[in-house]
2 protein chains.
Amino acid sequence: MKKIKIIIADDHELFRNGLKELLKKYNDIDIVDCVGDGEAFLEIIKSTKSIDIVLLDITMPKMDGFEVLNQIKSLNTNIKPIIISMHDDGIYIAKCAKNGAYSYLLKNTDQDELIKVIRIVSEGKKYFSPKISEKMINYMSEQTISENILSKKEQEVLELISKGLTTKEIASKLFVSSRTIETHRANIIKKLEVKNTAELIKKATKINLI
Amino acid sequence: MKKIKIIIADDHELFRNGLKELLKKYNDIDIVDCVGDGEAFLEIIKSTKSIDIVLLDITMPKMDGFEVLNQIKSLNTNIKPIIISMHDDGIYIAKCAKNGAYSYLLKNTDQDELIKVIRIVSEGKKYFSPKISEKMINYMSEQTISENILSKKEQEVLELISKGLTTKEIASKLFVSSRTIETHRANIIKKLEVKNTAELIKKATKINLI
DNA sequence: ATGTGCATCCGTATTTATACGGATATAGAA
DNA sequence: TTCTATATCCGTATAAATACGGATGCACAT
C-alpha cells in the first residue's frame with residue numbers, strides 16, 4: 001500500500017512534534033519531514049520529490065504560509081497544501097483558498113477530522129468544512145457594502161473606463177460630449193477619494209463596483 | 001411555535017409547486033407565496049413583511065437571481081436567500097456567495113438536506129456544503145494561474161501604478177529615469193494584452209497580480 | 001560561447017487625463 | 001415650494017500616458 005507522504009511546516013516546535021507523533025500511528029501516513037519556516041520547506045521540496053501533502057501554518061518566520069502557497073503554485077509540483085491555522089478570520093481563509101490551499105483547518109480541529117481531511121486531500125480533492133466556508137463567505141459578502149456612492153451614469157462610465165475605453169470613446173458610445181465624460185471621471189475620482197484612474201480601478205474592484 | 005416563513009421564486013411551475021407540496025408537510029415551515037420571476041418577488045416583499053427565507057432560482061425571466069440578491073441587500077430586509085440552482089459552476093456559486101446568499105443548493109439536493117439547510121439558515125447562519133464549497137474554491141483558485149508573466153521589476157512597477165503613483169513618482173522612488181518606467185509600463189501593458197492603464201489594473205486585479 | 005530575456009537608457013510626437021472654474025435644466029426630496 | 005443632487009455642457013492649461021523606434025550591458029541557460 002502506498003503511504004501518503006507528508007511534510008509539516010509550523011514554527012511552533014511543540015505543535016509540530018506533537019502532530020508528528022499523533023500522525024505516526026496511522027499506517028497510511030508517512031511524515032517525511034518537519035520544518036519551522038517557509039524557506040526551509042521550500043529547500044526540502046526542491047530536493048525531495050513526490051511529497052503528497054504539506055500541513056502548513058500561516059504565521060511563520062522568514063516566509064509565511066501565503067508566500068509558500070504562491071511558491072508551490074509556481075513550482076508546478078503536485079504537493080497539496082492543507083492550512084492548519086489558529087486564525088479563523090474570513091480574510092485568511094479566502095486568501096488561502098484563492099492561493100491554492102486544498103483545505104483549511106483550525107488548530108483545535110480534532111484528530112478524526114484531520115485524518116479525514118488528509119485522506120480526502122490525498123486523493124486530489126479539496127475540502128472546506130461548512131464552518132470554515134461560512135466564515136469565508138461572510139467575509140466575501142461583507143466586501144460588497146459600498147454601493148450607492150456613484151450615480152447610475154457614473155457607474156456606467158466607470159464600467160466603460162474599466163473596459164479600457166477612452167473618454168472620447170465613452171462619450172460617443174453614450175451620445176454625449178466628451179466634456180461630460182470628463183466631468184464624470186473627475187467626480188468619480190473625487191467620490192472614491194483616489195488620485196487617478198489606476199488607483200480608481202483598483203479601489204473600484206476592491207469595493208466591488210466593477 | 002413560530003413558523004419559518006418562506007417564499008419560493010422559480011420560473012418552473014412544476015418545480016415551484018412540487019417544492020411547495022413537499023414543504024407543506026413540515027409543521028415549522030410556512031410557504032407564504034410562490035412566484036415565477038424576480039420582479040414579482042420584489043413586489044411581494046415590498047408589501048409583505050417578516051419573510052424569513054426565499055428559495056431563489058438563478059435563471060428567471062425579467063429579473064434573475066443575482067439581481068434579486070442585490071436588491072435584497074439594498075432593501076435592508078432580513079430575508080435570507082437560499083439559492084436553489086441547477087448549475088454547479090464555481091462562478092455561479094462564488095457570485096451568489098458574494099452577493100449575500102445564505103446557502104446554495106442544487107436542484108437534485110435531497111429533501112432532508114433542504115430541510116436541514118432551511119432550519120440552519122432560519123437561525124441566521126450561512127451554510128455551504130463541502131461539495132459546493134469545493135466547486136467555488138476550485139473556481140477561485142483557477143483565477144490565479146497567471147503569475148510569472150511579469151518580471152520582478154515590472155511587478156514592482158505595476159504595484160506602484162496601482163497605488164496611484166505617476167510614472168515620475170515611481171521613477172524617483174526606484175531611482176531610475178522616468179523613461180525606464182515608461183518602457184516598463186508599455187511592456188506590462190503589452191504583456192497583459194490591454195489597451196491602457198485602466199484596463200490594465202482591472203485585468204491585473206482579476207488575475208491576482210496585485 | 002552564444003543567445004535570450006531583462007533592466008536600463010534616450011528622443012519625439014500625439015493622445016489622454018487631470019485641474020481649474022464655471023453654467024443650466026430637471027427631477028426628486030424635504 | 002425650495003433645496004439638492006444629477007446630467008449635461010463649455011474653455012483653457014498642464015501633466016501624464018502612449019506609440020513610435022532605437023541602444024547597451026549583464027546574467028543565466030544552452
Side-chain angles (χ1 to χ4, degrees), chain A residues 42-43 46-47 71 74-76 146-205 207 209-210, chain B residues 42 46 71 74-76 145-205 209-210:
Chain A
L42 283 187
E43 274 313 304
K46 270 173 195 163
S47 51
Q71 291 293 325
S74 60
L75 278 176
N76 200 29
S146 33
E147 319 265 333
N148 307 54
I149 318 173
L150 301 186
S151 71
K152 272 186 190 173
K153 263 284 169 296
E154 286 167 342
Q155 177 68 43
E156 198 180 358
V157 170
L158 173 59
E159 196 75 38
L160 294 172
I161 293 174
S162 79
K163 283 183 180 160
L165 303 208
T166 66
T167 297
K168 231 184 239 173
E169 288 167 339
I170 296 171
S172 75
K173 193 177 182 88
L174 301 186
F175 307 107
V176 295
S177 140
S178 41
R179 307 289 179 181
T180 306
I181 304 301
E182 280 170 27
T183 309
H184 283 318
R185 287 186 89 119
N187 290 335
I188 294 170
I189 285 179
K190 201 175 283 171
K191 282 190 182 177
L192 294 195
E193 295 169 305
V194 291
K195 288 205 294 293
N196 54 32
T197 305
E199 208 189 347
L200 165 67
I201 301 293
K202 195 188 171 193
K203 179 149 190 183
T205 309
I207 63 178
L209 251 32
I210 46 178
Chain B
L42 283 187
K46 270 172 196 163
Q71 291 292 325
S74 61
L75 278 175
N76 202 28
I145 327 159
S146 31
E147 317 266 333
N148 306 57
I149 320 173
L150 301 185
S151 72
K152 272 187 189 173
K153 264 283 169 296
E154 286 167 342
Q155 177 68 42
E156 197 179 359
V157 170
L158 174 59
E159 196 74 39
L160 294 173
I161 294 173
S162 80
K163 283 184 180 159
L165 303 209
T166 66
T167 295
K168 232 184 238 172
E169 289 167 338
I170 296 171
S172 75
K173 195 179 182 86
L174 301 185
F175 307 107
V176 296
S177 140
S178 41
R179 308 289 178 181
T180 306
I181 304 301
E182 280 169 27
T183 309
H184 283 317
R185 287 185 89 117
N187 291 334
I188 294 169
I189 285 179
K190 200 175 286 172
K191 282 190 183 177
L192 294 196
E193 295 169 305
V194 293
K195 289 206 293 296
N196 54 32
T197 305
E199 208 189 347
L200 166 67
I201 302 293
K202 195 189 174 193
K203 180 150 189 182
T205 311
L209 251 32
I210 46 178

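Just so it is clear, the values below take in all heavy atoms, side chains as well, and ignore hydrogens, waters and symmetry mates. Reminder, nothing fancy here: chain letters follow the sequence lines and each chain counts from 1.
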Exercise. For A/K168 and C/dT16, is the shortest distance between a side-chain N/O and OP1 or OP2 below 4.0 Å?
Worked result: yes

For this session: May I ask you to verify if any side-chain N or O of A/T167 is less than 4.0 angstrom from the OP1 or OP2 atom of C/dT16?
Result: no

What is the distance from atom [atom1] of [X] to atom [atom2] of [Y], rounded to the nearest 0.5 Å?
X: A/K202; Y: B/I201; atom1: NZ; atom2: CD1; result: 8.0 Å
X: B/K191; Y: B/L158; atom1: NZ; atom2: CG; result: 11.0 Å
X: B/I161; Y: B/L200; atom1: CD1; atom2: CG; result: 6.0 Å

For this session: Could you list by number each residue of residues 176-186 of chain A showing a heavy-atom separation from DNA chain D of less than 4.0 Å, or answer none if no residue does?
Result: A/V176, A/S177, A/R179, A/T180, A/T183, A/H184

Problem set entry | Five-pair end axes of the helix from C/dA1-D/dT30 to C/dA30-D/dT1, angle between them (10°) | 60°

Exercise. A/E156: what forms a salt bridge (Lys or Arg N to Asp or Glu O under 4.0 Å) with it, not counting sequence neighbours?
Worked result: A/K153

Seminar exercise, completed: Applying salt bridge (Lys or Arg N to Asp or Glu O under 4.0 Å) to A/E182 and not counting sequence neighbours gives none

Exercise. Any idea which of D/dT8, D/dT6, D/dA17 is nearest the A/K191 side chain?
Worked result: D/dT6

For this session: Name the closest nucleotide to the A/T166 side chain, picking from C/dA17, D/dA7, D/dA17.
Result: C/dA17

Expressed as a whole number of angstroms, how long is the span from [X]:[atom1] to [N]:[atom2]?
X: B/K195; N: C/dA17; atom1: NZ; atom2: P; result: 11 Å
X: A/K153; N: C/dA27; atom1: NZ; atom2: P; result: 14 Å
X: A/K190; N: C/dT18; atom1: NZ; atom2: C1'; result: 11 Å
X: A/L174; N: D/dT6; atom1: CG; atom2: P; result: 18 Å
X: A/I161; N: D/dA17; atom1: CD1; atom2: P; result: 15 Å
X: B/N196; N: D/dA16; atom1: CG; atom2: P; result: 18 Å
X: B/L200; N: D/dA17; atom1: CG; atom2: P; result: 12 Å
X: A/E154; N: D/dT8; atom1: CD; atom2: P; result: 11 Å

For this session: Starting from the 5' end of DNA chain C, give me the residue, A/E169 or B/F175, whose nearest nucleotide shows up first.
Result: B/F175

Exercise. Any donor-acceptor pair under 3.5 Å linking the side chain of B/K203 with the backbone of B/V194?
Worked result: no

Seminar exercise, completed: Applying side chain to side chain donor-acceptor pair (under 3.5 Å) to B/T180 and not counting sequence neighbours gives none

For this session: Find out whether A/N196 and A/E199 are in side-chain contact, i.e. whether some heavy atom of one side chain is under 4.5 Å from a heavy atom of the other.
Result: yes

For this session: For A/N187, report the nucleic acid contact type (base, sugar-phosphate, nothing); a contact means any heavy atom under 4.0 Å.
Result: nothing

All N/O donor-acceptor pairs, side-chain side in residues 163-171 of chain A, below 3.5 Å, sequence neighbours left out:
residue : atom : partner : partner atom : Å
A/T166  : OG1  : A/E169  : N            : 3.3
A/T167  : OG1  : A/R185  : NH1          : 3.0
A/E169  : OE1  : A/T166  : N            : 2.8

